[in-house]
Student: 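Below are the structure tokens for one structure; questions will follow.
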Amino acid sequence: MARIWLSIRVELVSGHGTELWPRPGRIFAASRAHSFAQLAKAIDLAFGRWDLAHLHLFTRSDGSHISPLQWWHGEAPEDTADGHTTRLSTLKAGEQFAYVFDMGDDWAHLCTLAEKRIDPIEELGSVPRQPVPYWGWGSLPDQYDRRWDGDDGETTVPEQPAPGLSDLPPILPWWGTHHRT
């Protein structure tokens, strides 16, 4: 793989019926040889998604789409190229495109290809096999908008233990009911 890679800024714009501001984001290093499917997986993992069994779709500024075609069972949107075979080399410097994960909750992202390329050795210290994030910011919402284990969207938030971390085992000095010094 060449040492001059793409730098792709990805901002989470909306999802689960909510517009996000300020928008959390990540910047990815990716080879021109990587596929859009590989970029999708990297985005999903970097944005804290753990249930990856959902459709995803890239939309280019010309209205064309990119997505793994086998997932659509013959019903992919018109003008959809296969995400497993379409390479990031088709992008142009400065190009903006959208990425939507989970066509029900519509986690929409604005993706922007940087004008300048990067050297993965300088930015990452190595040449990874897959696209990877190398910078990021912002708070990430839960994929299903859950705030705690067992959140059903209707139950009141459980009360925090008093004092703050007393419900934890005393593995770390500041955990548990008896603080170690």
Student: As an exercise, state the distance from CD1 of Ile27 to CD of Glu11, rounded to the nearest 0.5 Å.
Tutor: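 Spacing of CD1 (Ile27) from CD (Glu11) equals 9.0 Å.
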Student: Do Tyr134 and Pro120 have side chains that approach each other closer than 4.5 Å (heavy atoms only, starting at C-beta)?
Tutor: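 A side-chain contact is absent here, since even the closest heavy-atom pair is not under 4.5 Å.
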Student: Using every non-hydrogen atom in the two residues, find where Pro141 and Leu20 come nearest and quote the distance to one decimal.
Tutor: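 Looks like CG-CD1, 4.2 Å.
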Student: Please verify the inter-ring angle class for Phe58 with Phe97; under 30° counts as parallel, over 60° as perpendicular, anything in between as tilted.
Tutor: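 Because their plane-to-plane angle lies in the 30° to 60° range, the rings of Phe58 and Phe97 count as tilted.
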Student: Working to the nearest 0.5 angstrom, can you tell me the gap between Lys92 NZ and Glu115 CD?
Tutor: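 These two atoms lie 13.0 Å from each other.
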Student: Any heavy-atom pair between the side chains of His34 and Leu39 that's under 4.5 Å?
Tutor: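 No, their side chains stay 4.5 Å or more apart.
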Student: Any non-hydrogen side-chain atom of Arg147 less than 4.5 Å from a side-chain atom of Asp142?
Tutor: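 Of all side-chain heavy-atom pairs linking Asp142 with Arg147, none is under 4.5 Å.
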Student: Kindly give the heavy-atom pair with the smallest separation between Trp175 and Pro169, and that separation in Å.
Tutor: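 Of all heavy-atom pairs spanning Trp175 and Pro169, the closest is CE3-O, 3.1 Å.
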Student: Go through the steps for Leu91 and Arg60 under the test side-chain contact (heavy atoms from CB on, under 4.5 Å), then give the verdict.
Tutor: CA-CA 9 Å; Leu91 296 170; Arg60 308 247 337 233; 4.0 Å; yes
Student: Leu6 and Leu113: side-chain contact (heavy atoms from CB on, under 4.5 Å), yes or no, with the steps?
Tutor: CA-CA 7 Å; Leu6 306 174; Leu113 181 61; 3.6 Å; yes
Student: Distance check, rounded to the nearest 0.5 Å: Asp79 atom CG versus His65 atom NE2?
Tutor: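 That separation rounds to 7.0 Å.
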Student: Report the C-alpha separation of Tyr144 and Trp50 in whole Å, then their side-chain angles, then the decisive distance to 0.1 Å, and conclude whether the ring pair (Phe, Tyr, Trp, His ring centres under 6.0 Å) test is met.
Tutor: CA-CA 10 Å; Tyr144 292 112; Trp50 46 270; 5.4 Å; yes
Student: Hey, does Leu88 have a side-chain heavy atom less than 4.5 Å from the side chain of Trp5?
Tutor: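 No. Closest side-chain heavy atoms not under 4.5 Å.
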Student: Would you give the length of the straight line joining atom CD1 of Ile4 to atom CD of Glu122, rounded to the nearest 0.5 angstrom?
Tutor: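 Reported value, rounded in 0.5 Å steps: 7.5 Å.
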Student: Yes or no on side-chain contact (heavy atoms from CB on, under 4.5 Å) for Gln143 and Asp44, after CA distance, side-chain angles and deciding distance?
Tutor: CA-CA 10 Å; Gln143 177 176 348; Asp44 294 338; over 6 Å; no
Student: Is there a path from Phe101 to Val10 through hydrophobic residues (I, L, V, M, F, W, Y) whose side chains come within less than 4.5 Å of each other?
Tutor: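 Shared cluster, yes.
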Student: Check whether any side-chain heavy atom of Arg49 lies under 4.5 Å from a side-chain heavy atom of Ile43, and answer yes or no.
Tutor: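 In contact.
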Student: Treating Ile, Leu, Val, Met, Phe, Trp and Tyr as nodes and any side-chain heavy-atom pair under 4.5 angstrom as an edge, say whether Trp135 and Val132 lie in one connected cluster.
Tutor: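 Cluster IDs for Trp135 and Val132 match.
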Student: Do Glu19 and Ser14 pair up side chain to side chain, a donor and an acceptor below 3.5 Å, judged on atom types alone?
Tutor: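 On atom types as modelled, these side chains do not qualify, holding no pair under 3.5 Å.
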Student: State, with a plain yes or no, whether a side-chain heavy atom of Pro68 is found less than 4.5 Å away from one of His56.
Tutor: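 They are in side-chain contact.
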Student: Short question: side chain of Glu123, backbone of Ile118 - any donor-acceptor pair under 3.5 Å?
Tutor: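 Between the backbone of Ile118 and the side chain of Glu123 there is no qualifying donor-acceptor contact (under 3.5 Å).
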Student: Which heavy atom in Asp119 sits nearest to a heavy atom in Ile121, and how many Å separate them?
Tutor: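 It is OD1-N, 2.9 Å.
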Student: Any chance the side chains of Ser67 and Trp72 put a donor and an acceptor closer than 3.5 Å?
Tutor: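 Yes, side-chain donor-acceptor contact under 3.5 Å.
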Student: Roughly how far, to the nearest 0.5 Å, is SG of Cys111 from CD of Gln96?
Tutor: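 Reported value, rounded in 0.5 Å steps: 9.5 Å.
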Student: Can you give me the closest heavy-atom contact between Ala108 and Leu12, atom names plus distance?
Tutor: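 Ala108 and Leu12 have their closest heavy atoms at O-CD1, 3.5 Å.
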Student: Output the distance between atom CG (Leu57) and atom CG (Asp102), rounded to the nearest 0.5 Å.
Tutor: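 Here the interatomic distance stands at 12.5 Å.
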Student: Decide yes or no on side-chain contact (heavy atoms from CB on, under 4.5 Å) for Phe28 and Gln130, but give the supporting numbers first.
Tutor: CA-CA 10 Å; Phe28 293 84; Gln130 302 293 324; over 6 Å; no
Student: Do the side chains of Arg26 and Leu140 get nearer than 4.5 Å, heavy atoms only?
Tutor: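 They are in side-chain contact.
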Student: Of all heavy-atom pairs between Ala30 and Ile8, which one has the smallest distance, and what is that distance?
Tutor: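 Scanning both residues completely, I find the closest heavy atoms to be CB-CD1, 4.3 Å.
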Student: With clusters defined by side-chain heavy atoms of hydrophobic residues (ILVMFWY) lying less than 4.5 Å apart, directly or transitively, does Leu110 cluster with Val100?
Tutor: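 Different clusters: Val100 never reaches Leu110 through Ile, Leu, Val, Met, Phe, Trp or Tyr contacts under 4.5 Å.
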Student: May I ask you to decide whether Arg146 forms a salt bridge with Asp151, counting only side-chain N to carboxylate O separations under 4.0 Å?
Tutor: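 No, this pair does not count.
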Student: Where is the tightest heavy-atom contact between Arg87 and Arg32, given as atom of each residue plus distance?
Tutor: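 Looking at all heavy atoms of both residues, the shortest contact is CB-O, 3.6 Å.
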Student: Among residues at least two apart in sequence or on other chains, which ones pass salt bridge (Lys or Arg N to Asp or Glu O under 4.0 Å) with Arg23?
Tutor: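 Here no residue qualifies.
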Student: Hey, can you tell me if Tyr99 and His109 have their rings parallel, tilted or perpendicular (30° and 60° cut-offs)?
Tutor: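 If you compare the ring of Tyr99 with that of His109, the planes turn out tilted.
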Student: Is it the case that atom CG in Asp152 sees more than 12 heavy atoms from other parts of the structure closer than 6.0 Å?
Tutor: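 Above 12, so yes.
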